[in-house]
J.: 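Take a look at the following structure, please.
Whatever order the structure lists them in is the order used to number ligands and atoms, beginning at 1. The structure displayed is predicted, hence computed values, not measured ones. The figures that follow rest on heavy atoms only: side chains count, while hydrogens, waters and symmetry mates do not.
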Amino acid sequence: MASAKMIFVVMFTATRLASRSSRRSPLKTNATLVHRASCAWGSWFVLLIAIAAPFARAQTSSAGPDDQVVRQRVETLLKEITLEEKMGQLSQLFAFGPQKDIDEAVTKGQVGSLLFVTDPVEINRLQHLAIEGTPHHVPLIFGFDVIHGFRTIFPVPLAMAASWDPAMVIRSQSIAAQEARSVGIDWAFAPMLDIARDPRWGRMVEGAGEDPYLGSAMAAAQVRGFQGQYIGSPDHILACMKHFAGYGAAEGGRDYDASNIPESQLYNVYLPPFHAAVKAGVGSAMSAYMDLNDVPATGNRWLLQDVLREQWHFTGFVVSDANAVKSLENHGFAKDLSEAALHAFHAGVNMEMAIGFTAYSRSLPAAVQKGQITEQQIEAAVRPILEMKIRLGLFEHPYVDAARSAQILASPDHRIAARLAAERSAVLLRNEGNLLPLNKGSYKSVAVLGPLADSQLDTLGSWAFQQDLPETVTLLAGLRNKLGSQTKLSYAPGVQIGRKFPSFFDQIFHLKAPTPWTAEQAKQEVSKAVSLANSSDLAVLVLGEAQNMSGEAASRESLELPGQEEQLLEAVVATGKPVVLILLNGRPLNIQWAAGHVPAILEAWYPGTQGGNAMANLLFGDAVPGGKLPFAWPRDVGQLPIQYAHNTTQAPENQGKRYWDEESTPLFPFGYGLSYSTFRFSDLKLSRAQLKPGETVGVTFDVENTGAAEGDEVAQLYIHQRSGSASRPVRELKGFERVSLSAHAKKTLHMSLGKEELSYWSSAKKAWVQEPAAFDVWVGGNSDATVHSSFAVVQ
Ligand code: BGC
């Protein structure tokens, strides 16, 4: 696999360089929109109207093609195409620019899908080959990693989860879908739904954090955003839930390492977001790379058949992760390539994604000849692939209009949406003495410091391939835009971010590691930064991780601020100047010192194309932070894992004192985040004190803005089942709503708890159960919520 990845890197880099100029189109500014966008809430309104328009069109048209008609078309097609063509539909290849072998495979109908082609002209060319070159004119489906935007880059998925705002996530992913579809990409390899409870695992940045309930809400929102009302909605694309399943539990947080997950954890924690995506109608799934309880996910029939198709009634198709079928040999799960293909096929992998060639193309024809696989089984594998191609309208509209695409990619509305998403995703971790929001007039000079303060790539985060980099607004640029020439801004990186092993993605982004500073230079750079802080009225430090430190193959053994960032921070704080720390990162970091010494800390994640403008708005109060942590923030790496939903245990009173040398509570609880205002929860009422299994209890409570500023609070509902056939977590999130409240306003919220929220998979019963038991209920602004009530489920 390593060498395959290298080929991938080299070829991808070449393609990217070749197609770069053709892709870029200048962002046109629209005076009216920019003016309206100066008011955050006003711009939400503008955006809602803009985004609602295509939905409205979709709603007035049919709710998608008739199932019977689609299935009939598939059957007709299956009667027409040859066995070879059927097998061709099961192969997907990476395509890095025009390649003779790919052209040949397409023309011979040996490949049904390509990935990583993003130039509309090239997509049209390849599609012409598929349609005109093959006897039955079956179009290709083009896939790509549209993870948090296509041209307009939104905050990373972890950040979007921190918004606790599914409506915003739907809007963001529908914009990503529209941009991708405009160039001819029909299929996103997203959303990534892997629960991550060990932040050493770098792919935590691609998911929604540690919690199955929040993860499920984000899963459904993303599926809706990508796919629209139905598969084939205009300007939308097929979603692909990944990586099915358990990838986030990699041993030691080491990417690709085995996951060993007890069945109860699988059902209660790791699988629910996938199930939510299936319920939301996701059309495809990607099998994961790793061994799940010793059986590689890509050859795991229990996962791909028993759970996915039999228990959940998934009717889409499964694609393998890149080279994951061939890798079954590496796992020691197959003795050779043919056996690898057979195992994956029989487990339920419909389509194999591969670099160079697929094991399916090499092995399935012989397997059919030998009678190891029947033609009917091949047809069963092809059926959902053809069905999705039909639903997406690829037979009727296989080509794209490159000129229309250029317009869509340059849309100013999309940039506004990206800024609003970044503002809504940021989490205010600390604000001692109400340093924030800053008053523009109070600071004549500001020192902007840190290696990430003016780095466009690091503002975007990983999995952002098609971004228009020069357009990306860094924090420094955002502050310049906000403050104009009235304020003197000075900048110094202060430190370099070092890394022991180079990232595989560095080559994709054709990043050359900067020449390391000598010890003398390093000293001078820190002194320069500190002296800028000294001579300014305010220091804004932008620290955290370079974008390539999170994502695939980007695990870390430590959660420390990298390089000499901690030393820089401490030296700047020692100047006595007011300091604001902005964090860019895709995982929690060890900020224990900062949490005790830096007055204001704003978690910005990787905020995307408009990140700098969003952060400047937040710092100066033109937007109010309202995001909340999608994970419990550990004090340091030794505490991992440290999810809020741990079991009660035999000594609950000592829960925070499990270690000799450190508290065993997180630094910040799950669901935590401050605002420029304050909120109070009260008047928690349940509609009944007792209910029978299957019945529902209504939960009503007030949330009040007790401060003088408008702001958002995320109301969170937690439960605890006091007894049962298995131990239950101390708290589990079972409801949330992000509400905007003007100063001193109060709102009554209504939530409910029914069978779905009150059931769990019991490892004792080996079944889903809803048990008679007493339940606690809490509501509040994070997982330490104290407003409490209780009820009982009785037989
Ligand atoms: C990743 C997937 C991704 C695929 C295609 C793999 O290495 O694990 O998440 O969708 O590559 O780029």
J.: Applying a strict 4.0 Å limit to heavy atoms, is Met192 in contact with ligand 1?
T.: no
J.: Measure the distances from the heavy atoms of Phe144 to every atom of ligand 1 and state whether one is below 4.0 angstrom.
T.: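 No, Phe144 has no heavy atoms under 4.0 Å from ligand 1.
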J.: Please could you name the atoms of ligand 1 that Arg203 approaches to less than 4.0 Å, counting only its heavy atoms?
T.: 1 (C), 2 (C), 8 (O), 9 (O)
J.: Please indicate whether any nitrogen or oxygen in Asp145 is less than 3.5 Å from any nitrogen or oxygen in ligand 1.
T.: yes
J.: Name all residues meeting the ring-ring contact (aromatic ring centres under 6.0 Å, His included) criterion together with His346; count only those two or more places apart in sequence or in a different chain, and write none if there are none.
T.: none
J.: Do any nitrogen or oxygen atoms of Trp463 come within less than 3.5 Å of a nitrogen or oxygen of ligand 1?
T.: no
J.: Taking 4.0 Å as the limit for heavy-atom contacts, which would you say applies to Glu552 with ligand 1: side chain only, backbone only, both, or neither?
T.: side chain
J.: Taking only Lys NZ, Arg NE, NH1 and NH2, and the carboxylate oxygens of Asp or Glu, determine whether Arg587 and Glu545 approach each other closer than 4.0 Å.
T.: yes
J.: Between Phe189 and Met353, is there a side-chain heavy-atom distance shorter than 4.5 Å?
T.: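 Side chain of Met353 against side chain of Phe189, heavy atoms only: contact under 4.5 Å found.
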J.: Nearest 0.5 Å, what's the CZ-CE distance between Phe314 and Met241?
T.: 5.5 Å
J.: Out of curiosity, is Glu206 lining ligand 1, as in a heavy atom under 4.0 Å away?
T.: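 Glu206 does not count as a contact of ligand 1 under the 4.0 Å cut-off.
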J.: Report the relative orientation of the aromatic rings in Phe96 and Phe94; use parallel for angles under 30°, tilted for 30 to 60°, perpendicular for over 60°.
T.: parallel
J.: Select one of side chain, backbone, both or neither to describe which atoms of Gln92 lie under 4.0 Å from any atom of ligand 1, heavy atoms only.
T.: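 Looking at Gln92 and ligand 1, no heavy atom falls under 4.0 Å.
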J.: Using a 4.0 Å cut-off to any heavy atom of Lys242, which atoms of ligand 1 qualify?
T.: 2 (C), 3 (C), 9 (O), 10 (O)
J.: I'd like to know if Asp194 pairs up with Lys242 as an ion pair, taking the criterion as any Lys NZ or Arg NE/NH1/NH2 lying under 4.0 Å from an Asp or Glu carboxylate oxygen.
T.: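 Salt bridge between Asp194 and Lys242, a charged N being under 4.0 Å from a carboxylate O: no.
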J.: One thing to verify: whether Glu387 and Arg383 come together as a salt bridge, which I'm taking to mean a side-chain N less than 4.0 angstrom from a carboxylate O.
T.: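 Glu387 and Arg383: not salt-bridged.
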